[in-house]
Amino acid sequence: MLDKTFYITTPIYYPSGNPHIGHCYTTVACDSIARYKRMQGYDVKFLTGTDEHGLKIEQKAKEKGVTPKEYVDEIVETFKKLWKYMNVNYDQFIRTTDDYHIESVQKIFKALYDKGYIYKGEYSGKYCTPCESFWTDSQLDENGCCPECHREVTFAKEEAYFFKMSPFADRIEKLLTETDYLQPKTRATELVNNFIKPGLEDLCVSRTTFKWGIPVTFDEKHVVYVWIDALSNYITALGYENSLSDEFNKYWPADVHMVAKDIMRFHAIIWPAMLMALDLPLPKHLAVHGWITFNGEKMSKSLGNVVDPFVLGERYGCDAIRYHILREMALGADSSFSNEIMINRINSDLANGFGNLVSRTVAMADKYFGGTLPADREETELDKDFKAVVINTVAEVDEVMNENKIKQALESIFRTVDRANKYIDETEPWKLGKSEENKARLATVLYNLLEAIRVISGLLSPFMPSTMPKVWEQIGATPDDVKYEKLSVFGVLPENVTVHKGEILFPRIDVEKEIEELNNIIKENMEKAQSNLSESEKPTEKIELAPEITIDDFAKVEIRVAKVISCEKVKKSDKLLCLQLDDGMGGRQVVSGIAQYYKPEDLIGKKIQLIANLKPVKLRGVESNGMICAADVPNGCKVIFVDDDIPVGSKIR
Ligand code: ME8
């Protein structure tokens, strides 16, 4: 099968901060798929790397007083160290500052220009001066401000090159709706409705406002702007338009680009358009996964609201972390990372489930037969179903892995782990071990269990590559016994196989103690991250408290839970919303100055905190009987919502 190739890529990450669990997910997922395909005999190429140009890097380097290259060099090392730590076996690490990449990008840009797909124009739009960035209307934050620093933007113009997108609209729509390029395909509708149907806008592909980028060869004032530089990596790494290698003919088109939903549009629309313009074949699949959130918030490099993957790996082993993130995340959906869920999963699936299966089986072979099984066998009906379940797992896994559904593959494997543990309960080897006449039956049961472990561990090896060789050692399997072709055959281990008791594969974790320790680490990380924020990222306002009050003063304010029944904008006002509330006291109307931040539908049905004894006033002629509580946030405000299970009318103290 070695003539079959398989090319898989991760996004190239911005080295603007250290990698976190989110980056680990995509990379470990691709690594697992790459290992799985290698196991199946494919000639695999697995590419990852870093996207090193752009204003943000230039600014961060300046703040640190180093050159952009020096700045990225250090972070790139952390990425590489993490991948090593997570046992990620990539074939190539591309950096967009590599000479071969720069050479190709310049040629690609020129080729697109010569073909008439890139033209010089004028970029006009909303410009944020401190960030030196243009933003489209749809990119602005909810207050119409810069999405990065949330300061006001102004209208500005700049000479720039553009890439014509419209000639490719029909073909891209077909690619998304009529082929299986997009995984999951359900995402096609939002792309078509939001970007293609309204008419594809030409893409600005050069900048003159910063220098840290690849110069446009025929107009040195310009540097190539992010997406042409970044997306091209998937082909420049293969030697396209450079002399690095001639792998392009061998591996292109890619089998899988894996990305999270944040950059789906670039890979679903812009990348295919670029390839169409270059007359190149399109990649086969774009696998899009959701966000890993932490306690409901998006992980972010700058907030440090994450447990460092290095810390987690050190505590539980990289395979436990790999397993957890792969098992939690489904293609398409978001997944919330929580230390508690992670530890419970490690305990239930790895320590109690798989680890226990291995240690019980090996311990029994050791106890009853001194480690080496006798050749006598005695099969029963019970064995048939068990063997069938074990062998079927291989096909089940293959089916879902063909669609890059790793979570489902692991679910299927762990169903078989449960089945094997159940087989132990059904066959009760500890009873069989009591009398000599049951020895043949006991040997059969233990052999079947060792075989099940062989198949399971073989299937698990792409996902947990560090642990499985230890399992093979324990069950007496050679590397040859766990080759892919042998996983769908029952009876590969020698009849008189010898097991070797070994270390506990996944020690049980004391949940409460660990959670407490991890929470302390998170707290420290948060504090460190806050103190590491650069001047521009730090909150500017100094907090000054109002004069002290007594509890009696506070008691004068009556705060009650109320539910928004209906809501509409106050006529002729940009700022006011009129809300009808169920306050548990017959209902009331409140006018609130939040129309710039909330649409009526954002509020209807939600529960809020109402200042219920405020003197009524008229705002723009509309009566308001109270006030709803909201927090001031930079350039706006956020309503304080209340849990739905708190009844309306409840007093807040
Ligand atoms: O976008 N959950 O780089 P980037 C899941 N350079 N995945 C996450 C994640 C999270 N919380 N956070 C990051 C860029 N990721 C560009 C890409 S490609 C030609 C150029 C992963 O450093 C996920 O794969 O912001 C996401 O798409 C990627 O990191 C974004 O990485």
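As the structure is a computational prediction, the values presented were derived from the model and not from experiment. These numbers come from the heavy atoms of this one structure, side chains and all, not from hydrogens, waters or symmetry mates.
Taking the centre of each ring, His53 and Phe210 stay at or above the 6.0 Å mark. Ring centroids of Tyr117 and Phe168 are separated by less than 6.0 Å, placing the two rings close together. Residues Phe79 and His23 place their aromatic rings such that the two centres sit under 6.0 Å apart. You'll find the ring centres of Phe310 and Tyr85 inside the 6.0 Å limit.
Crowding of Glu190 atom CD: a count of heavy atoms from other residues, nucleotides or ligands under 6.0 Å exceeding 12. Other residues, nucleotides and ligands contribute over 12 non-hydrogen atoms within 6.0 Å of the NZ atom of Lys80. Atom NZ of Lys185 is surrounded by more than 12 heavy atoms from other residues, nucleotides or ligands within 6.0 Å. Counting heavy-atom neighbours within 6.0 Å of Asp114 CG, excluding the residue itself, gives a total above 12. For Asn193, the CG atom sits in a packed shell: over 12 heavy atoms of surrounding residues, nucleotides or ligands are nearer than 6.0 Å. Heavy-atom neighbours of Glu568 CD from other residues, nucleotides or ligands within 6.0 Å: at or below the threshold of 12. Under a cut-off of 6.0 angstrom, the local environment of NZ in Lys157 is sparse, with at most 12 non-hydrogen atoms contributed by other residues, nucleotides or ligands. For Lys261, the NZ atom sits in a packed shell: over 12 heavy atoms of surrounding residues, nucleotides or ligands are nearer than 6.0 Å.
A donor atom on one side chain and an acceptor atom on the other are not found under 3.5 Å apart for His101 and Ser232. Side chains of Glu241 and Thr236: no donor on one and acceptor on the other come within 3.5 Å. Under 3.5 Å, the side chains of Asn87 and Arg35 contain a donor-acceptor pair of N or O atoms.
Here the side chain of Gln139 pairs a donor or acceptor atom with the backbone of Thr136 at under 3.5 angstrom. No donor-acceptor pair under 3.5 Å is formed between the side chain of Tyr234 and the backbone N or O of His257. Under a 3.5 Å cut-off, the side chain of Gln596 and the backbone N or O of Asn143 do not form any donor-acceptor pair. In this structure, the side chain of Asn402 engages the main chain of Asp398 through a donor-acceptor pair within 3.5 Å. With hydrogens and angles disregarded, no donor-acceptor distance shorter than 3.5 Å links the side chain of Arg322 to the backbone of Met464. Side-chain N or O atoms of Lys4 include none that pairs as donor or acceptor with a backbone N or O of Asp43 at under 3.5 Å. Judged by distance alone, with hydrogens and angles left aside, the side-chain atoms of Asp255 form no donor-acceptor pair with the main-chain N or O of Ile8 at under 3.5 Å. Between the side chain of Ser206 and the main chain of Tyr161, a donor-acceptor pair closer than 3.5 Å is present.
Taking OH of Tyr251 as the reference point, atom NZ of Lys45 lies at 6.5 Å (rounded to 0.5 Å).
Just one of Leu47, Asp98, Thr50, Ile12 meets the side-chain contact (heavy atoms from CB on, under 4.5 Å) condition when paired with Phe93; it is Thr50.
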- request: Could you walk me through whether Thr10 and Thr48 pass side-chain hydrogen bond (donor to acceptor under 3.5 Å, both in side chains), step by step?
  value: CA-CA 5 Å; Thr10 72; Thr48 189; 2.6 Å; yes
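By the 30° and 60° cut-offs, the orientation of the rings of Phe248 relative to Trp252 is parallel.
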